Amino acid sequence: MYVVLTRTARGATALRFDDSRARLGGADAIATAELPAWVERLEREHPRWVWDDTTRWYPHLLAAGVRVGRCVDLRLCHAILRTSALTAESALARAPRGPWDAATPLLERPETHGVLFELDDDPVIDAPIDPVAEFVLQGEAIADSEQPGRIGLLLAAESAGALIACEMKFAGLPWKNDVHERLLADLLGPRPVGVERPARLQKLLDDMRLAVGSTEINPDSPADLLKALRRAGLDVASTRSWELKQLSHPVIAPLLEYKKLSRLLTANGWNWLDTWVADGRFRPDYVPGGAATGRWGANGGGALQLPKQVRGAVVADPGWKLVVADAAQLEPRILTALSGDRRMAEAGRGDLYEGIVASGAVKSRADAKVAMLGAMYGATAGEGGRLMPALTRAFPDAIAMVEAAARAGERGESVTTQLGRSSPLPGEDWRELQESAAADGTEALRRAARGQARSWGRFTRNFIVQGTAAEWALCWMAGLRGRLWELSGGSFVERPHLVFFLHDEVIVHAPAALADSVVEQLRDAAAEAGRLIFGAMPVQFPITTAVVDDYGQAK
DNA sequence: GGGTCTTGCGCG
DNA sequence: AAAGCGCGCAAGACCC
C-alpha cells in the first residue's frame with residue numbers, strides 16, 4: 001500500500017493506493033498535531049509513505065519518536081525519471097520543466113500566474129505542487145519503461161537513502177569535544193585569543209622567515225607566498241604541497257608543516273567545533289543525489305571530508321561501539337560486474353589488485369591499483385596511461401565497457417548506470433564549441449573542441465562506474481537499515497543505527513552486545529546488494545569491518 | 001560593503 | 001610520481 005501525503009494549511013491529507021497504484025477509498029484529513037500519531041498507527045501496515053520531499057516531513061516525525069519503514073521521495077524520484085534513458089518516452093520526461101525540477105520543491109502556495117522562478121536560466125511557470133498527480137505520473141513512467149524492475153529498484157533505494165539521510169542527522173555522529181580539543185592543543189598549541197596565530201603556527205612562520213632571510217612571507221596568501229619563494233631563489237610554478245615536496249631548501253619543511261596545520265585550524269579547528277558540534281553530536285545535512293552520479297553531497301562542516309587527523313574524536317557512547325565497514329575495492333568490482341568480465345571476476349575472488357598481478361597484466365599491487373584507477377578515470381599520461389595497454393589485453397571486456405562510455409560522452413550523448421540513472425547532457429556552450437569547430441575550425445579551435453570532448457568523455461566514462469557504485473552503496477545501506485531495526489527493540493536511537501556514510505563506507509553506532517550481530521548484517525546486506533543489482537553475475541563485494549570505540553582506530 | 005572567482009586541500 | 005573522476009569549504013583575490 002502507498003499513502004500519499006499532501007500538505008494543507010491545517011496539516012495534511014492522505015490518500016491510499018494499492019500496490020498497483022489503484023486508488024483505495026477517500027481522503028483523510030489530519031491536523032498537524034495529530035500527524036505523528038496517525039503515521040505511527042498506520043505504519044503497522046507497513047505502507048510506503050509518498051511525499052514531496054522527505055526533508056519536509058520526516059524530521060518532524062523523528063522528533064516525535066516516529067520512524068517509518070519505507071517511503072517514496074517524489075522530488076528525488078522525479079529527478080531520476082526526468083533524465084533516465086529508461087523512461088525517456090514517458091509523459092513525465094516529455095513535460096516542460098516545472099516545480100518538481102527545482103532543487104527543492106515549492107510549498108503549496110496561492111496560485112499565481114506568470115514566471116515564478118528560473119531554473120538554469122529557464123523561466124518556470126508556477127504550478128501548485130500536487131503530490132498525487134506526480135505519484136500517478138511517476139507510476140506510469142515506471143510501468144511503461146523498458147525495465148520497470150531496474151528503475152523501480154533505483155527509486156526505492158534513492159528513497160531509502162532520503163530516510164537514512166534524515167535519520168543520520170537526527171541521531172548525529174557521536175563527537176567528543178574534549179578529545180578534539182586535546183588533539184588541537186597538542187598539534188597547534190593553546191587556543192589563541194583574538195586573531196593571533198596559534199603558537200605552533202607562529203613558530204613555523206618564524207622559522208620560514210629565518211630560512212628566506214626576510215619577514216616578507218605570508219603563507220596564507222598563495223600569490224604572496226609564490227613571490228616570496230621566487231625571491232628566495234626557488235623555481236616554482238605554484239605553491240601546491242606536492243610541488244614544494246620536490247624541492248630542497250630550508251624553508252620547505254616548515255612551510256609544508258604550516259600548510260598541514262593551517263588546514264587543520266581553518267577546516268576542523270576550534271571554530272569548526274563551536275559551529276558544528278552540539279550536545280556531543282555532529283549533525284551535518286546530507287544531500288542524497290547531491291552529485292550527478294547519484295553520490296551524496298553534504299552541507300555544513302564538510303561532513304564528507306572529515307580528515308583522518310580528527311577521527312579520534314568520533315567516540316562511541318559508554319556501553320556502545322562503532323562498527324565501521326567499507327566495501328573493499330568497490331569501484332573496480334562494480335566495473336567487473338557491469339561489464340561481465342569473467343577474467344576480472346576471477347581476479348577479484350580475493351584481493352582484486354593481487355588478482356590482477358596474478359593474471360600477469362602488471363608487476364605489482366601498486367601498479368594494479370594505478371592501472372585500474374587510470375581505466376576508470378581515463379588516464380592518458382603518466383603511470384596510469386602507461387599501464388593501460390597491458391590492462392586492456394588482460395581484461396578486454398571491462399576496458400571496452402569504459403571506452404564505450406567515454407566515446408558516447410565525446411559525442412555528447414548520455415550514458416546510464418546499471419539501475420538506470422543517466423548522465424546529464426553537456427551544456428549549450430559545449431555544443432556550440434563542437435559545432436563551430438566542426439564547421440570552420442581553426443587548428444586552435446579544433447584542438448579546444450577535442451579537449452573539451454575528451455573531458456566530457458572522462459566524465460561519462462567515470463559516471464557509469466561511480467554511479468553504479470553509488471547504487472550499490474544505497475542498496476547496501478537500505479538493506480542494512482531494515483536489518484538493524486530488527487536487531488532489538490526500543491526507540492530509533494536505542495537500537496543500532498547508521499550514523500555516517502561516505503560513498504563506500506558506513507558507521508553504525510550500536511550497543512556493544514550487538515556489535516557482532518551488526519557485523520553479520522553488514523556482510524549479509526552487502527551480498528544481497530550485489531544480487532539485487534547484478535543478479536547471478538559471480539562478482540563478490542567483500543567488506544572490511546572494525547568494531548571500535550573511536551573512528552580513529554578503524555583502518 | 002557585498003558577490004563571485006581562484007587557489008589549495010580534505011575526502012571517496 | 002604527480003595525471004585522470006566526483007564533491008565542499010575557507011581564504012584571498014578581484015570585481016562592482
Side-chain angles (χ1 to χ4, degrees), chain A residues 195 197 218-227 236-247 255-256 258-269 271-272 275-276 284-311 326-332 334-335 366-367 369-388 391 402 405-406 409 415 417 421 423-424 451 454-470 472-473 500-506 551 555:
Chain A
V195 295
R197 286 187 173 83
N218 174 15
D220 296 327
S221 163
D224 284 1
L225 180 59
L226 196 58
K227 281 184 216 151
V236 281
S238 78
T239 66
R240 291 184 177 87
S241 289
W242 66 261
E243 189 177 351
L244 298 178
K245 274 177 198 151
Q246 321 288 328
L247 307 170
L255 175 53
L256 290 172
Y258 183 98
K259 278 171 161 280
K260 194 91 186 150
L261 292 176
S262 170
R263 167 82 194 181
L264 173 65
L265 173 67
T266 56
N268 296 99
N271 287 339
W272 181 89
T275 309
W276 300 112
D285 273 317
Y286 296 94
V287 188
T293 54
R295 273 190 176 183
W296 286 17
N299 293 318
L304 304 188
Q305 310 141 249
L306 280 186
K308 298 219 160 90
Q309 263 173 323
V310 304
R311 293 184 178 184
D326 75 276
Q329 305 145 353
L330 178 59
E331 291 196 351
I334 290 291
L335 173 56
D367 278 359
K369 196 169 174 174
V370 168
M372 281 306 297
L373 287 176
M376 294 184 298
Y377 293 164
T380 52
E383 282 288 299
R386 190 172 61 73
L387 293 165
M388 283 296 294
L391 198 69
V402 286
V415 296
T417 59
R421 193 186 305 261
S423 65
R454 294 229 171 96
S455 174
W456 198 262
R458 287 192 299 275
F459 166 60
T460 52
R461 168 198 295 267
N462 186 248
F463 184 96
I464 56 168
V465 179
Q466 190 186 115
T468 304
W472 183 91
F500 195 61
F501 168 50
L502 186 55
H503 308 316
D504 60 0
E505 174 177 352
V506 297
Y551 191 19
K555 297 203 265 198

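Chain naming here is simple, since letters A, B, ... match the order of the sequence lines and numbering starts at 1 in each. None of the values given here were measured: they were computed from a predicted structure. Quick note: numbers below take in every heavy atom, side chains included, and nothing from hydrogens, waters or symmetry partners.
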Exercise. For A/Gly302 and for A/Asp224, find the nucleotide of DNA chain C with the closest heavy atom, then tell me which residue's nucleotide is more 5'.
Key: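 Per heavy-atom nearest nucleotide, the more 5' residue is A/Gly302.
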Practice problem: Specify the residue among A/Lys245 and A/Arg295 whose closest nucleotide of DNA chain C lies further upstream toward the 5′ end. | Solution: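 Final value for this comparison: A/Lys245.
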Is any side-chain heavy atom of [X] less than 4.5 Å from a side-chain heavy atom of [Y]?
| X | Y | answer |
| --- | --- | --- |
| A/Leu264 | A/Val310 | yes |
| A/Phe500 | A/Pro284 | no |
| A/Tyr258 | A/Asp220 | yes |

Once you apply a heavy-atom cut-off of 4.0 Å, does [X] come out as touching a base, just sugar-phosphate, or nothing?
| X | result |
| --- | --- |
| A/Gln466 | base |
| A/Asp326 | nothing |
| A/Gly374 | nothing |
| A/Leu373 | nothing |
| A/Arg311 | sugar-phosphate |

Quiz prompt | chain A contact limits on DNA chain C, taken 5' to 3' with a cut-off of 4.0 angstrom to heavy atoms | solution = C/dA2 to C/dA13
Quiz item: Expressed in angstrom and rounded to an integer, what is the separation of A/Lys308 atom NZ from B/dC11 atom C1'?
Solution: 8 Å
Self-check item: Cationic N near anionic O, under 4.0 Å, A/Arg295 to A/Glu331
Solution: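 Salt bridge: yes.
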Self-check item: Partner nucleotide, any strand, of C/dG8 [Watson-Crick/G-U, under 3.5 Å]
Solution: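 The base-pairing partner of C/dG8, which may sit in any strand shown, is B/dC9.
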Practice problem: Could you check which residues of residues 285-293 of chain A get a heavy atom under 4.0 Å from DNA chain C? Sort them by number, please. | Solution: A/Ala291, A/Ala292
Quiz item: How far, in whole Å, is C/dG4 from B/dG12 if one measures between their C1' atoms?
Solution: 15 Å
Quiz item: Going 5' to 3' along nucleotides 3-9 of chain B, which nucleotides have protein heavy atoms under 4.0 Å from the base (write B), which only from the sugar-phosphate (write S), and which from neither (write -)?
Solution: ----SBB
